[in-house]
There are 2 protein chains.
Amino acid sequence: MLRWAEYDDPAPGPAEVLVEVAASAVNRADLLQRMGLYPPPPGVSDTLGLECSGRIVALGDGVSGWQVGQPVCALLAGGGQAELVVVPVGQVMPVPAGVDLATAAALPEVGCTVWSNLVLLAHLAAGEALLVHGGASGIGTMAIQVASAIGATVITTAGTTEKLATCRELGAASAVNYHDEDFVAAARDATGGSGVDVILDIMGATYLDRNIHALATNGRLVIIGMQGGTRAELDLATLLSKRAAVHATSLRHRPLHEKAAICAAVVAGLWPLIEAGQVRPVVGATYPMSQVAEAHRLVAEGGHTGKVVLTVS
Amino acid sequence: MLRWAEYDDPAPGPAEVLVEVAASAVNRADLLQRMGLYPPPPGVSDTLGLECSGRIVALGDGVSGWQVGQPVCALLAGGGQAELVVVPVGQVMPVPAGVDLATAAALPEVGCTVWSNLVLLAHLAAGEALLVHGGASGIGTMAIQVASAIGATVITTAGTTEKLATCRELGAASAVNYHDEDFVAAARDATGGSGVDVILDIMGATYLDRNIHALATNGRLVIIGMQGGTRAELDLATLLSKRAAVHATSLRHRPLHEKAAICAAVVAGLWPLIEAGQVRPVVGATYPMSQVAEAHRLVAEGGHTGKVVLTVS
């Protein structure tokens, strides 16, 4: 059962700040955690919420460069769906200029996930081609825009005509309906037959073989979700003939120094794109925190586009 | 049938040099090519030989920085088991000081393979741990020494007591007999339980799952051979929980500019280690070119250690 209840106020330790939460957002990981499939890392609150926005209300020992009252957003290992949350200082980010405080809660997870995978890991470059699965999701809408801003050609998949249209509006050159179109053929068509340089995948097992076949020489498949299962046959001969790579990553269990490095790269690289209007946060629905169960249902059904935000009223 | 026969002399085109071959070496790829399983890339001689040493006898148009008479060794896409071979200039390398001309023929393939995969691709670093399969092979003997010179801890596998002893002499901290020991357990034992950071694998399918389990967080599995098959189930959940990667690569089909970049990195990075005595070429047997069939039998049986060299007499 999901409920909004009274807890003791947390206090910031050394190198932490206390944030009064204005908003959080729902992630698919929240649904898995609710079902007991994705427990928080050791020492982390079992309150849901992998991101938030709000104002700093207290600084722990040794924190500099931040001020009480400052509006921020933050990447969290948990605990964001609350009135107060303690955040390691390396995961606190300023709110990009032009983004309102509630909307800023929709940025940390997709911003850090997309930037760390496409830019820091896969080194997606101008002139390359990216295939993004689930282009209308929170991750997808951010990935399409970031890749377009980098100068990459984007091919994406989605499940409804409306979502496909959203993907194209955000910059996708090609958007295919995964119900009845072949994304491998679409990836080849969009690249003169050579395949895509990078794939950002959320399906895992069910797409593994097709993803490998959609890759170009020197291609990089980056798996960040396993909605289609966790075990599948890998065609090593094709991987080797393409000199390609399969990466699988996640954010939540990384050590603090890696999360801090990612947040710093996001502030340095992504925030300017948002402030210049090249990338915009896509929020498909907003609920008050007390209606978190309703928000989870929406995400589970996948009817939304972009992020689902939860506000503290 | 393998035979040493008369062919027309080749001539160097633009950006090529003609080398009078002193020696070549046998690679496992030669055995596959002999069986029709590994054809040369388009436009490449079907004469065997992926590497050679010798002296430059002619320079093609636009070649500078090299002189007729200069002793060299070279990475080839084929044709090295001959008296004369044409080499793209980016794949010509000086003979490291202190290495005799025949022995230099044993360096290009293993040098470029090991350096490109461990250093340029996997970024193996001091303090990390490397697992090398087939540690007594040409690739293995080079990888053990290069990793040790970098300051990495090396765990290796081999099939006989004698080969295991060779691996240890070359710097391996741990050498396990793949016939009756568990390399996953050995990899964990040698790393305080955390697993290895990089694996250089020649087996492919049969080792895929165990290799994934032997990796540390942020580990990189680099597959350069598929002696154990080409298709196997990949455990994506374990890969993701480790934020690890599976790379598969080969040298032969790369474009000239990539081969040139690798050769330049080898000359800049590996040759100084050889000249300082930290890495030495390991040659297990030498045959005259006319006994190439005998040399292939030795490689097929795997009784040798290091490289098998073929000399032109």
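Each chain gets a letter, A, B and so on, in the order its sequence line appears, and its residues count up from 1.
Listed options E258(A), R220(A), R254(A) were ranked by heavy-atom pairs under 4.5 angstrom with chain B; first place goes to R254(A).
For a residue to count as touching a neighbouring chain, one of its non-hydrogen atoms must lie under 4.5 Å from one of that chain's; by this rule A244(A) touches chain B with the backbone only. Of the atoms belonging to D209(B), it is side-chain heavy atoms, and not backbone ones, that fall under 4.5 Å from chain A. Looking at L208(A), only its side chain comes within 4.5 Å of chain B, counting heavy atoms on both sides.
Atom OG1 of T230(A) sits about 9.5 Å away from atom CG of L234(B), to the nearest 0.5 Å.
At a threshold of 4.5 Å between non-hydrogen side-chain atoms, the residues L240(B) and T249(A) do not count as touching. Counting heavy atoms from C-beta outward, R231(A) and E233(B) have side chains that approach closer than 4.5 Å. In this structure, H253(B) and R243(A) have side chains that are in contact, with non-hydrogen atoms separated by less than 4.5 Å.
Pairing each heavy atom of A245(A) with each of H247(B), the nearest pair is CB-ND1, 3.3 Å.
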